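Below is one structure, written out as structure tokens, with a few remarks after it.
Note that this is a predicted model, so its numbers are computed, not measured. Numbered from 1 within each chain, the chains take letters A, B, ... in sequence-line order.
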Protein chains: 2
Amino acid sequence: MCMEPIEIFKALSNESRLHILHWLKEPEKHFAPHEGIDMRNIGVCVGQVTEKLKMTQSTASQYLSILQRAGLLKTERIGKYTYYKRNEETIREIGAFFNNEI
Amino acid sequence: MCMEPIEIFKALSNESRLHILHWLKEPEKHFAPHEGIDMRNIGVCVGQVTEKLKMTQSTASQYLSILQRAGLLKTERIGKYTYYKRNEETIREIGAFFNNEI
DNA sequence: TTGACATATCGATAATTTGCGATATTATAA
DNA sequence: TTATAATATCGCAAATTATCGATATGTCAA
């Protein structure tokens, strides 16, 4: 529980990053299958997000990194791919912060 | 329901503005009485927030305005004072957005 | 080992935000 | 009407963010 609300709100202050978080809620609805990976459990890779965002690989990678540093995403490297999925724990925590502090 | 999530998250991405919102949750706990005004119903004036923030009047006024434009505060002018209080409706809405979209 | 990908990071420029002082506006009281 | 107090707005310099292209790093296959 080392959540940084300001960091989190900054991460959420961007349409592309909000989209990523939303897409990852139901990944199989928004991304094509990839390498037989179970998207729900493992996540989606940077390339999939890059394509969906229609932005450069550099930007996609940075956005994912910002969301991860804010605690909103978790990451796992498998082979040459890096998979990102939601960190539901932090998302719950910030929801609670919202109800209690704000 | 013309809530702008990005606008709202930007408004929340600042420690001073988070404080203001928090103080206004229980205003009588954080502000001295003022002109016999019922803080809970009417709000607190710019000068009270300025003093509490320990920042300039200009900055306080701008922060209150940012929160208000985001829909998080409501405002009422009484004589030469402008009072601000929380807009619980938008705050509820953004909480719901949080649960549904994010 | 080398080549080919996938991802991360660096460096840059444009755009936005921060917080201030100075000034304009509004409302009251004399 | 004028002086004064409260608030809003303008214009600024510094800091931060957005987004990119170029490059570095890591990983696998041949």
Side-chain angles (χ1 to χ4, degrees), chain A residues 4-21 24 31-37 39 42-70 72-85, chain B residues 4-21 24 31-37 39 42-70 72-85:
Chain A
E4 266 305 333
I6 304 245
E7 209 56 34
I8 293 177
F9 289 132
K10 280 185 186 173
L12 297 175
S13 296
N14 176 284
E15 186 146 33
S16 300
R17 293 194 295 262
L18 277 189
H19 280 146
I20 292 172
L21 221 44
L24 287 176
F31 299 96
H34 178 75
E35 300 274 319
I37 287 286
M39 288 189 272
I42 303 295
V44 306
C45 74
V46 181
Q48 292 173 283
V49 175
T50 300
E51 187 181 5
K52 185 92 179 159
L53 271 182
K54 294 189 175 74
M55 300 181 88
T56 66
Q57 180 271 329
S58 164
T59 300
S61 175
Q62 285 191 81
Y63 282 1
L64 289 165
S65 172
I66 287 170
L67 288 166
Q68 192 236 306
R69 282 198 303 273
L72 294 164
L73 295 185
K74 288 195 279 198
T75 185
E76 177 178 0
R77 177 118 198 186
I78 297 182
K80 56 182 173 178
Y81 299 97
T82 307
Y83 295 93
Y84 287 87
K85 67 176 170 185
Chain B
E4 266 303 335
I6 303 246
E7 209 57 35
I8 292 178
F9 289 131
K10 281 186 187 175
L12 296 174
S13 296
N14 176 284
E15 185 146 35
S16 300
R17 293 193 296 261
L18 276 189
H19 280 146
I20 293 172
L21 221 44
L24 287 176
F31 298 97
H34 178 75
E35 301 272 322
I37 287 287
M39 288 188 272
I42 303 294
V44 307
C45 74
V46 181
Q48 292 173 281
V49 174
T50 299
E51 186 180 4
K52 185 94 180 157
L53 270 184
K54 294 188 173 74
M55 299 181 88
T56 65
Q57 179 271 329
S58 163
T59 300
S61 175
Q62 284 190 83
Y63 281 2
L64 288 165
S65 172
I66 287 170
L67 287 166
Q68 191 237 307
R69 281 199 304 273
L72 293 163
L73 295 184
K74 288 194 278 197
T75 186
E76 178 179 0
R77 179 118 198 184
I78 297 182
K80 56 181 171 177
Y81 298 96
T82 307
Y83 295 93
Y84 287 88
K85 68 175 170 185

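With hydrogens and angles left out, the side chain of A:Ser58 and the base of C:dT7 share no donor-acceptor pair within 3.5 Å. With hydrogens and angles left out, the side chain of B:Gln57 and the base of D:dA8 share a donor-acceptor pair within 3.5 Å.
Among the candidates B:Val46, B:Thr75, B:Leu73, B:Ile78, the single residue satisfying the side chain to side chain contact (heavy atoms under 4.5 Å, CB included) test with B:Tyr83 is B:Ile78.
The residue among B:Gly79 and B:Ser16 whose nearest nucleotide of DNA chain C lies closer to the 5′ end is B:Ser16. The residue among B:His34 and A:Thr59 whose nearest nucleotide of DNA chain D lies closer to the 5′ end is B:His34.
Residue-level contact check: B:Thr82 touches the backbone only, with heavy atoms under 4.0 Å from sugar-phosphate atoms and none from bases. Counting any heavy atom pair closer than 4.0 Å across all strands shown, B:Tyr83 reaches no nucleic acid atom.
Close to D:dT17, at under 4.0 Å from its OP1 or OP2, lies no side-chain N or O of A:Asn14. At D:dA8, none of the side-chain N or O atoms of B:Arg77 fall inside 4.0 Å of OP1 or OP2 (strictly under the cut-off). The side chain of A:Ser61 contributes an N or O atom lying less than 4.0 Å from OP1 or OP2 of C:dA8. Residue A:Lys10 has a polar side-chain atom (N or O) positioned under 4.0 Å from OP1 or OP2 of D:dT17. The phosphate of C:dG21 has neither OP1 nor OP2 within less than 4.0 Å of any side-chain N or O from B:Thr56. Considering only side-chain N and O atoms, B:Tyr84 lies under 4.0 angstrom from the phosphate OP1 or OP2 of D:dA8.
Regarding A:Leu64, its CG atom lies at a distance of 8 Å from the P atom of C:dA8, rounded to whole Å. Computed from coordinates, the B:Gln62 CD to C:dT18 C1' distance equals 9 Å when rounded to whole Å. Between the P atom of C:dT9 and the CD1 atom of A:Ile66 lies a distance of 12 Å, rounded to the nearest Å. Following rounding to the nearest Å, B:Gln68 (CD) and D:dA8 (C1') show an atom-to-atom distance of 12 Å. In this structure, B:Leu18 atom CG and C:dT18 atom C1' are separated by 15 Å, rounded to whole Å. Between the P atom of C:dA15 and the CD1 atom of B:Ile6 lies a distance of 19 Å, rounded to the nearest Å. Atom CE of A:Met55 is separated from atom C1' of D:dG21 by 14 Å (rounded to the nearest Å). Counting to the nearest Å, the P atom of C:dC20 and the NZ atom of B:Lys54 are 13 Å from each other.
A donor-acceptor pair under 3.5 Å is absent between the side-chain atoms of A:Gln62 and the main chain of A:Thr59, judged by distance alone. No donor-acceptor pair closer than 3.5 Å links the side chain of B:Ser65 to the backbone N or O of B:Ser61. One N or O on the side chain of B:Gln48 and one on the backbone of B:Ala32 form a donor-acceptor pair closer than 3.5 Å. Panel note: side chain B:Arg17, backbone B:His19; no donor-acceptor pair is recorded below 3.5 Å.
Residue B:Arg17 places its side chain closer to C:dT18 than to any other of D:dC20, C:dT18, C:dT7.
In terms of heavy atoms, A:Ser16 sits closest to A:Met55 at OG-SD, 3.7 Å.
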